[in-house]
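Before any comments, here is the structure.
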Number of protein chains: 2
Amino acid sequence: MTRNGRAPSVKDVAAAAGVSLGTVSNVLNRPAVVSTATRERVERAMAELGFIRNESARQLRAGTSRALAYVMLDGGNPFFHDVAEGIETAAEDADLSLFVCNSNGRGDREAKHLDRLVQQRVQGILITPADPDAPHLAEIAQRGTPFVMVDRLSRAGDHCSVSVDDVLGGRIAVEHLIDRGHQRVAFVGGPSHIGQVRERLQGAREVWAEFGLPADDLINLPTEAMTVTEGRSAGERLAGLPSRRRPTAAFCANDLLALGLLQHAVTAGLRVPDDLAIVGFDDIDFAAAAAVPLTSVRQPRQELGRTAARLVLDEATNPDHVHEQATFVPALVARASTGLVRRS
Amino acid sequence: MTRNGRAPSVKDVAAAAGVSLGTVSNVLNRPAVVSTATRERVERAMAELGFIRNESARQLRAGTSRALAYVMLDGGNPFFHDVAEGIETAAEDADLSLFVCNSNGRGDREAKHLDRLVQQRVQGILITPADPDAPHLAEIAQRGTPFVMVDRLSRAGDHCSVSVDDVLGGRIAVEHLIDRGHQRVAFVGGPSHIGQVRERLQGAREVWAEFGLPADDLINLPTEAMTVTEGRSAGERLAGLPSRRRPTAAFCANDLLALGLLQHAVTAGLRVPDDLAIVGFDDIDFAAAAAVPLTSVRQPRQELGRTAARLVLDEATNPDHVHEQATFVPALVARASTGLVRRS
DNA sequence: TTGTATGCGTTATCAC
DNA sequence: GTGATAACGCATACAA
């Protein structure tokens with residue numbers, strides 16, 4: 001602290017070094033233009049005073065910050081971390097900071113974060129929203145803040161997005177199960193207003209019909225959320241079904257549900273995959289690390305993040321930017337949880 | 001965008017509403033002092049122009065930002081999320097933003113984040129550092145930025161910290177195993193320059209000695225990191241031990257290691273806990289959700305975060321602040337992974 | 001109740 | 001090569 005209780009400024013450095021404020025600025029921004037002697041004197045003064053550039057002042061002057069932001073949907077789901085890692089990588093390359101916020105699925109918290117970020121004048125906002133069609137999102141896109149939706153799609157297409165073909169994801173998951181000989185399969189996921197849940201279910205239903213299987217044998221087990229706890233409770237409901245209705249396999253809308261279901265199955269003495277095969281979605285690291293390694297539909301998580309960052313930066317810097325909806329193709333990763341099917 | 005391609009400012013609003021800049025500012029900060037008629041006129045102008053306060057300008061003027069920051073050690077470990085949630089709760093209560101950064105265990109990335117945060121003039125920095133004694137941390141504390149170390153302790157005590165009694169944690173974990181009849185136990189953890197690892201091992205050794213068990217029968221299985229993958233590899237080494245040396249139980253320095261070890265054990269056909277009992281540390285949600293629910297040493301994760309935020313806010317606002325090292329007491333949560341021990 | 005003036009720290013433009 | 005000065009957007013002390 002110098003003078004007034006604030007941190008030392010260029011002014012203080014200038015005084016200490018016996019030069020003008022402009023010269024200090026030159027040392028900072030165009031060192032080549034200042035003589036070695038004075039430069040060193042200024043640098044010494046900066047070191048002695050512990051001078052640190054004030055980013056708000058730079059930002060005020062520059063009119064824009066040097067930061068991106070990502071508003072995560074669920075910090076407790078490792079999937080979003082991996083996405084964030086991808087974003088961070090790209091941000092680092094562009095020499096930008098990344099502010100990571102977490103809405104935890106709460107629309108009000110999301111809105112609060114967004115307000116703050118716009119006030120901060122971040123260069124761009126990446127978000128996996130609780131509701132892709134929420135009005136506060138449309139506002140932001142219209143205001144002109146570069147904006148990319150991550151792992152979601154909105155009805156209005158006036159912004160960039162990166163996502164995965166969820167219908168296809170549902171298809172390959174269930175096709176895998178049909179291949180394995182399953183004729184009665186549960187779909188575990190919800191709430192159904194989540195686009196992903198609907199689309200993964202749709203994909204599941206499509207293949208199911210294409211293989212000529214009766215619609216009744218694809219059983220819907222809705223959940224309140226996409227969490228381990230909800231997966232466990234779905235397991236209980238599944239176990240409670242009359243045995244002639246009980247599925248031999250389950251396709252879960254994400255890996256957390258699958259892990260919960262797996263846990264309940266093991267606890268209940270079911271053998272996985274013999275009594276119950278399980279497919280998850282996302283392929284988070286914990287999926288491979290489960291006691292019975294989980295078959296899952298992989299999304300390119302880091303790639304999703306990197307691409308999203310690329311798009312938002314393009315929108316921020318390229319005057320000829322056009323919005324783009326990048327779609328990735330999911331892939332099945334087969335592991336033990338669907339490995340061996342007892343055909344009876 | 002108005003005028004110069006920048007977002008509309010108070011000045012623009014003033015012009016549009018036909019009042020002075022000071023009046024606009026009054027509407028923003030002291031609405032009571034301005035007449036209803038002009039206030040409404042100003043508010044209408046703000047709405048029409050899409051005016052949004054510029055946080056950098058406010059911050060520059062105020063001399064300090066309205067944000068805290070938490071630099072996480074490992075975004076892939078849910079433990080740190082829960083800590084972050086606790087911090088966020090407290091930040092919300094104080095009406096502050098929270099910037100969450102992730103060093104991913106890399107000292108260079110940590111330093112970069114810290115640089116940026118200091119430049120941003122955040123009100124306080126919370127951090128779980130890669131190395132508690134790194135010089136860049138001491139610098140920050142000395143510069144006067146409110147600073148709290150989370151879940152770590154440094155040798156120099158010139159700052160606040162919140163942590164858990166790790167020696168005690170090690171003690172209760174191993175005491176539990178001894179209670180269960182185990183006479184040969186592995187300690188899985190590393191690298192040993194992590195204070196936590198050393199202390200948890202120390203606690204383990206203390207009880208081991210107090211029960212008069214031979215030191216050789218507490219086997220150290222060092223790991224390169226605290227990850228699921230490393231836990232799996234520790235499992236392989238454990239399985240490779242000659243059977244008369246092979247432990248009947250393992251105490252892992254965190255839950256990720258424990259989950260990896262558990263997975264390997266199950267894959268290798270070992271029954272848990274009959275052939276191998278496992279105790280983890282942290283009690284992350286995935287511990288309870290494992291196929292064999294994991295006994296673990298619980299840390300009060302959210303509480304840790306809340307307390308850290310409380311301390312940093314006290315340092316930021318209270319002139320009589322004195323540094324405090326808050327220590328929490330860990331507790332054993334017994335689950336199936338140590339549930340049944342076959343005594344032979 | 002409203003308007004005017006000043007300064008926060010930085011950068012850039014222009015003289016010298 | 002260096003110094004003086006203005007501007008970014010906002011908040012406030014003070015004047016009208």
Side-chain angles (χ1 to χ4, degrees), chain A residues 1-43 45-46 49-66 116 118-123, chain B residues 1-43 45-46 49-66 116 118-123:
Chain A
M1 309 288 176
T2 316
R3 297 175 311 152
N4 41 10
R6 285 188 173 220
S9 74
V10 277
K11 207 183 278 182
D12 301 309
V13 174
V19 298
S20 87
L21 173 164
T23 301
V24 177
S25 182
N26 280 336
V27 172
L28 252 22
N29 302 302
R30 291 183 297 286
V33 91
V34 48
S35 78
T36 319
T38 48
R39 177 155 49 74
E40 281 170 356
R41 198 144 41 88
V42 170
E43 277 165 350
M46 295 200 299
L49 272 66
F51 168 78
I52 294 197
R53 274 151 116 122
N54 183 326
E55 181 66 24
S56 345
R58 301 185 75 184
Q59 189 170 318
L60 174 59
R61 167 78 214 207
T64 174
S65 83
R66 309 187 297 111
R116 290 205 233 253
V118 176
Q119 287 175 201
Q120 309 264 1
R121 302 292 194 268
V122 293
Q123 290 217 8
Chain B
M1 307 289 175
T2 316
R3 296 175 310 150
N4 42 12
R6 286 188 173 219
S9 72
V10 278
K11 207 184 279 180
D12 301 308
V13 175
V19 298
S20 87
L21 174 164
T23 301
V24 177
S25 186
N26 279 336
V27 172
L28 252 21
N29 302 302
R30 293 186 294 288
V33 92
V34 45
S35 79
T36 318
T38 48
R39 178 155 49 75
E40 280 171 356
R41 197 144 41 88
V42 170
E43 278 165 351
M46 296 201 297
L49 271 65
F51 168 78
I52 295 197
R53 274 152 117 123
N54 183 325
E55 181 66 24
S56 349
R58 301 185 75 186
Q59 190 169 316
L60 174 59
R61 165 81 212 206
T64 173
S65 82
R66 308 187 299 116
R116 289 204 230 254
V118 176
Q119 286 175 201
Q120 309 262 2
R121 303 288 194 269
V122 292
Q123 289 216 9

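Each chain gets a letter, A, B and so on, in the order the sequences are listed, and its residues count up from 1.
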Rounded to the Å, how far apart are [X] [atom1] and [N] [atom2]?
| X | N | atom1 | atom2 | result |
| --- | --- | --- | --- | --- |
| A:Leu60 | D:dC10 | CG | C1' | 8 Å |
| A:Arg41 | D:dG3 | CZ | C1' | 13 Å |
| B:Gln120 | C:dG9 | CD | P | 16 Å |
| A:Gln59 | C:dC8 | CD | C1' | 15 Å |
| A:Glu55 | D:dC8 | CD | C1' | 14 Å |
| A:Lys11 | D:dA6 | NZ | P | 14 Å |
| A:Glu40 | D:dG1 | CD | P | 15 Å |
| B:Arg66 | D:dC10 | CZ | P | 13 Å |

Inset, instruction - Could you grab the distance from atom CG of A:Leu28 to atom CD of A:Glu43, nearest 0.5 Å is fine? - result: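 Going from the CG atom of A:Leu28 to the CD atom of A:Glu43 covers 9.5 Å.
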
Inset, instruction - Report, as a single string ordered 5' to 3', how protein heavy atoms within less than 4.0 Å touch nucleotides 11-16 of chain C: B base, S sugar-phosphate only, - not at all. - result: BSB---

Inset, instruction - Specify the residue among B:Val33 and B:Ala62 whose closest nucleotide of DNA chain C lies further upstream toward the 5′ end. - result: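 Nearest-nucleotide comparison on DNA chain C picks B:Val33.
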
At less than 4.0 Å, is any side-chain N or O atom of [X] found next to OP1 or OP2 of [N]? Yes or no.
| X | N | answer |
| --- | --- | --- |
| A:Ser20 | D:dT2 | no |
| B:Thr38 | C:dT2 | yes |
| A:Arg6 | C:dC8 | no |

Inset, instruction - For the side chain of A:Asn54, starting at C-beta, report the closest nucleotide among D:dC8, C:dT2, C:dG9. - result: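 Closest nucleotide among those given: C:dG9.
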
Legend entry - B:Ser35, nearest nucleotide to its side chain (from D:dG9, C:dT1, C:dT10): C:dT1

Inset, instruction - For B:Val19, answer base if it contacts any base atom (sugar-phosphate contacts may also be present), sugar-phosphate if it contacts only those atoms, and nothing otherwise; contact means non-hydrogen atoms under 4.0 Å. - result: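 Sugar-phosphate contact only - B:Val19 comes under 4.0 Å of backbone atoms but never of a base.
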
Inset, instruction - Remember a base hit wins even if backbone is also touched, and classify B:Ser56 as base, sugar-phosphate or nothing at under 4.0 Å, heavy atoms. - result: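 Nothing, no nucleic acid heavy atom in range.
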
Inset, instruction - Scan for salt bridge (Lys or Arg N to Asp or Glu O under 4.0 Å) pairs involving residues 52-63 of chain A, sequence neighbours excluded, and state none if there are none. - result: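 Sorted result for residues 52-63 of chain A: A:Glu55-A:Arg66.
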
Legend entry - Test applied, side-chain contact (heavy atoms from CB on, under 4.5 Å); reference residue, B:Phe51; option that passes from B:Val24, B:Asp12, B:Val13: B:Val13

Legend entry - Option among A:Val27, A:Asn26, A:Val10 that satisfies the side-chain contact (heavy atoms from CB on, under 4.5 Å) test with A:Val42: A:Val27

Inset, instruction - Report the C-alpha distance between B:Glu40 and B:Thr36 in whole Å, list the side-chain angles of each, state the deciding distance to 0.1 Å, and finish with yes or no for side chain to side chain contact (heavy atoms under 4.5 Å, CB included). - result: CA-CA 6 Å; B:Glu40 280 171 356; B:Thr36 318; 3.8 Å; yes

Legend entry - Nearest atoms (heavy-atom pairs only) where B:Gln123 meets B:Thr64: CG-OG1, 3.5 Å

Inset, instruction - Give a yes or no on whether the backbone of B:Arg121 and the side-chain of B:Ser65 come within a donor-acceptor separation of less than 3.5 Å. - result: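 Between the backbone of B:Arg121 and the side chain of B:Ser65 there is a qualifying donor-acceptor contact (under 3.5 Å).
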
